[in-house]
Amino acid sequence: MHVVMEYEVVIIGAGICGLATAIALHRKGIKTVVFERSETLRNTTGTAIFIRQNGMRALDQLGVAEPLRHMAIPVQREREVWLDKGRQKEIPIDGENLCLRRKHLIDTLYAALPPGTVKFGRQLESIKLDPNTAKHVLRFIDGSSIIAKVAIGCDGVNSVVAHFLKLKPLRMFSFGEIRGLTRYPSHSFGPEMACFMKSDNVVGRIPINDNLVSWYCKQPCVVQTDERIWKDPEVLRQSTLDMIGDYPQEIKEMIEKADANTLSIKHLRYRAPWDLLTDTFCKGTVTVAGDAMHVMAPFLGQGGSAGLEDAVVLARNMAQMGLDHNESGRRLATKCVGEAFELYVKQRRIRFFLLSLQSYLIGVLFGTPSRLRKLITIMLLAFLFRDPYGHIHYDCGGL
Ligand SMILES: Cc1cc2nc3c(=O)[nH]c(=O)nc-3n(C[C@H](O)[C@H](O)[C@H](O)COP(=O)(O)OP(=O)(O)OC[C@H]3O[C@@H](n4cnc5c(N)ncnc54)[C@H](O)[C@@H]3O)c2cc1C
Ligand SMILES: *[C@@H]1O[C@H](CO)[C@@H](O)[C@H](O)[C@H]1NC(C)=O
Ligand SMILES: *[C@@H]1O[C@H](CO)[C@@H](O)[C@H](O)[C@H]1NC(C)=O
């Protein structure tokens with residue numbers, strides 16, 4: 001007879017959030033299995049990710065911050081340069097902030113898991129609740145199925161689990177973001193991130209270490225540009241250079257010298273902040289975390305860190321409430337897990353709502369040609385986010 005494997009806790013997706021959630025639960029003594037659609041660990045990506053103090057706190061709770069500290073230099077200040085006006089501002093940065101290569105973060109998280117936790121090449125197709133057993137039947141596109149008591153969707157922007165929870169559809173900004181890494185024999189930018197603005201263009205640069213920098217560049221109206229930028233890095237490089245025109249030589253050189261393998265462009269998707277207030281992020285023993293829950297525009301550089309915070313809060317609640325203790329040991333109780341998930345969503349909602357709202361407003365500011373709309377947005381940002389860096393001081397608490 002065909003035997004369907006049965007699992008207690010299943011995580012969908014081995015991105016930053018899925019791996020972090022598996023580590024957090026593992027540290028709490030809750031065994032998990034992670035199903036990932038790609039055939040191998042997604043550690044070949046060339047891009048970087050900026051992790052600020054709040055994200056470093058979460059990595060500390062997961063017990064993986066230490067090795068990462070040796071892979072990047074702490075960024076200590078920020079410089080904003082308005083090239084048009086010939087004005088600049090220097091902003092000191094609080095706490096510990098590292099720009100990591102994504103590959104290093106993914107590898108470090110993966111190495112912290114018990115071997116065999118991640119099952120590769122398994123793409124989830126659908127979830128169904130079996131009303132008789134109160135368990136979930138997860139079907140994969142290869143036709144196989146498993147049964148899971150608890151399912152956590154960390155499956156990113158096209159989340160199948162979010163679909164099961166009937167979350168509202170995502171939205172998209174009209175512009176995109178181009179990113180790349182550039183290696184120098186030894187650069188002279190020091191531990192400083194910089195942002196260069198000129199009319200509607202924005203180019204940012206963050207050092208990873210003394211040789212390597214990560215940069216990003218706003219791409220207006222991705223829909224109207226040459227199709228080939230999605231496939232050919234040299235076309236992307238040239239279109240980026242054309243776009244920034246007469247930026248200082250140092251910036252143009254950075255883009256000219258960037259490693260072609262690291263050049264990429266992304267559409268910017270987000271969950272509308274107002275949807276985040278009303279969507280139901282858990283149903284029984286199924287919930288979501290990371291981008292599947294709250295994908296946001298990258299202008300605060302907080303999406304990844306928010307996913308790390310989710311992992312800590314989710315595992316803490318599940319360990320505190322989801323386990324039924326008795327003389328003969330502990331087991332996951334369906335009802336308690338459901339309550340733990342509800343508390344998790346409640347504890348996270350305001351946090352990701354505020355992060356999303358702030359990055360959404362910054363996106364509107366970048367994207368709108370209307371001076372009046374720009375002015376209103378600036379006023380709203382100043383009123384709602386008096387300290388624009390307040391979100392960095394957030395502490396998701398202990399595991
Ligand atoms: C341009 C840009 C710049 C950014 N910069 C920063 C930054 O500086 N700092 C920061 O903190 N954040 C940043 N972010 C956000 C950050 O990249 C994301 O929030 C983060 O990567 C999300 O991680 P995740 O694990 O939730 O999702 P993902 O990384 O999307 O992982 C989802 C995983 O699930 C797998 N999967 C998907 N569907 C299925 C399925 N059906 N079955 C099985 N597996 C599946 C995928 O293969 C993938 O491995 C940026 C985002 C963008 C677009
Ligand atoms: C990706 O991770 C796997 C598993 O840890 C490892 O074997 C492989 O060498 C890594 N690939 C790269 C390009 O670093
Ligand atoms: C106690 O836990 C075990 C599993 O560890 C379970 O089989 C048993 O039914 C539980 N007993 C009670 C009284 O809940």
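Hydrogens, waters and symmetry mates play no part in the numbers below; they use all other heavy atoms, side chains included. Order of listing sets the numbers, starting from 1, for every ligand and every atom in it.
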- Message: Below 4.0 Å, non-hydrogen atoms only: which portion of Phe35 touches ligand 1? Side chain, backbone, both or neither.
- Response: backbone
- Cys17, portion touching ligand 1 at heavy-atom distance under 4.0 Å: both
- Query: Looking only at distance, does Leu124 have an N or O less than 3.5 Å from an N or O of ligand 1?
  - Reply: yes
- Message: So is Ile49 touching ligand 1 or not, going by heavy atoms under 4.0 Å?
- Response: yes
- Any heavy atom of Met296 sitting closer than 4.0 Å to ligand 1? no
- So, does Ser305 sit close enough to ligand 1 that a heavy atom of it is under 4.0 Å from the ligand? yes
- Query: Is Gln302 touching ligand 1 with its side chain, its backbone, both, or neither, if touching means heavy atoms under 4.0 Å apart?
  - Reply: backbone
- Task: Would you mind telling me if ligand 1 is within reach of the side chain of Ile12, the backbone, both or neither, using heavy atoms under 4.0 Å?
- Result: side chain
- Quick look: Arg37 vs ligand 1, heavy-atom contacts under 4.0 Å, and the answer is both
- Applying a 4.0 Å heavy-atom criterion (strictly less than), which segment of Cys154 is in contact with ligand 1: side chain, backbone, both, or neither? backbone
- Query: To which protein heavy atom is atom 9 (O) of ligand 2 closest, and what is the distance rounded to 0.1 Å?
  - Reply: Asn43 ND2, 4.9 Å
- Message: With the threshold set at under 4.0 angstrom, would you say Met293 reaches ligand 1 through any of its heavy atoms?
- Response: no
